[in-house]
Amino acid sequence: MSATFAALSDPTRRAILARLAAGERSVTELAAPFEMSLPAISKHLKVLERAGLIARGREAQWRPCRLAAGPLKDASDFLERYRRFWEESFDRLDDYLRELKETEAKTMEKTKNGRTK
């Protein structure tokens, strides 16, 4: 999973994965939107391949790249545990703030009633 997160830390690699989510692409097609050389794109692809996030096929001269989403599922499952933690923390904070607001409203009402007598 460390290789997955390391690979995902780069915006170019994330953009490449997004393009591959739409279907197989050649290295040239993957490189088209980026202002970098083919060797630089190839280095990004090697990082993604080592992380198991892409696979390369071979069809004659064409070596299409395709998304291998398995490691993304593992990363998603890992992050899901922390998402639940934060949701529960925010729910507790929401309850506390609601109680605080109700207490403040009651105090204001008592103060208001005390002044009118």
Side-chain angles (χ1 to χ4, degrees):
M1 192 171 340
S2 296
T4 301
F5 283 113
L8 294 174
S9 69
D10 184 274
T12 300
R13 291 193 286 267
R14 291 193 303 270
I16 289 171
L17 290 177
R19 289 178 56 82
L20 289 174
E24 288 185 349
R25 302 250 196 270
S26 68
V27 174
T28 304
E29 291 169 330
L30 288 171
F34 303 105
E35 291 186 20
M36 60 178 69
S37 65
L38 280 178
I41 290 294
S42 290
K43 285 182 182 178
H44 284 298
L45 293 175
K46 285 178 184 170
V47 172
L48 292 169
E49 195 170 20
R50 278 195 300 268
L53 292 166
I54 66 167
R56 293 191 205 200
R58 180 176 288 272
E59 294 175 24
Q61 299 297 319
W62 194 53
R63 294 200 62 196
C65 297
R66 66 179 172 281
L67 180 67
L72 292 176
K73 172 78 171 101
D74 295 339
S76 176
D77 291 347
F78 173 79
L79 293 173
E80 176 66 19
R81 282 180 261 152
Y82 293 97
R83 186 187 63 79
R84 276 189 241 133
F85 167 80
W86 284 112
E87 275 186 6
E88 290 169 9
S89 296
F90 286 134
D91 287 347
R92 286 193 305 272
L93 178 62
D94 193 38
D95 291 344
Y96 174 73
L97 292 173
R98 190 177 305 113
E99 284 177 30
L100 203 61
K101 192 174 182 178
E102 288 172 5
T103 301
E104 185 178 306
K106 287 177 185 175
T107 302
M108 295 279 286
E109 187 65 32
K110 284 180 183 176
T111 303
K112 181 179 174 186
N113 289 339
R115 287 184 184 163
T116 57
K117 288 184 180 178

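Nothing fancy with the numbering, it's 1 onward along the sequence.
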Basic-acidic side-chain contact under 4.0 Å: [X], [Y]:
X	Y	result
Arg81	Asp77	no
Arg92	Asp95	no
Glu80	Arg83	yes

Non-hydrogen atoms of [X] and [Y] that approach each other most closely:
X	Y	answer
Ala75	Met1	CA-SD, 4.1 Å
Pro71	Gly52	CG-O, 3.4 Å
Pro64	Glu59	CG-OE2, 4.1 Å
Ala7	Leu48	CB-CD2, 4.1 Å
Ile41	Ala31	CG1-CB, 3.6 Å

Would a single hydrophobic cluster contain both [Y] and [X], if residues Ile, Leu, Val, Met, Phe, Trp and Tyr are joined by side-chain heavy-atom contacts under 4.5 Å?
X	Y	value
Leu79	Phe85	no
Leu38	Ile54	yes
Phe5	Leu72	no
Val47	Leu20	no

Worked verdict on Leu8 versus Arg13 for side chain to side chain contact (heavy atoms under 4.5 Å, CB included):
CA-CA 6 Å; Leu8 294 174; Arg13 291 193 286 267; over 6 Å; no
When rounded to the nearest 0.5 angstrom, what distance separates [atom1] in [X] from [atom2] in [Y]?
X	Y	atom1	atom2	answer
Asp10	Lys43	CG	NZ	12.5 Å
Thr111	Met108	OG1	CE	7.5 Å
Thr28	Arg63	OG1	CZ	12.5 Å
Arg25	Cys65	CZ	SG	11.0 Å
Phe90	Leu97	CZ	CG	11.5 Å
Lys106	Glu109	NZ	CD	11.5 Å

Note, [X] side chain near [Y] side chain (heavy atom, < 4.5 Å):
X	Y	value
Met36	Thr12	yes
Glu24	Trp62	yes
Thr4	Asp74	no
Arg56	Arg66	no

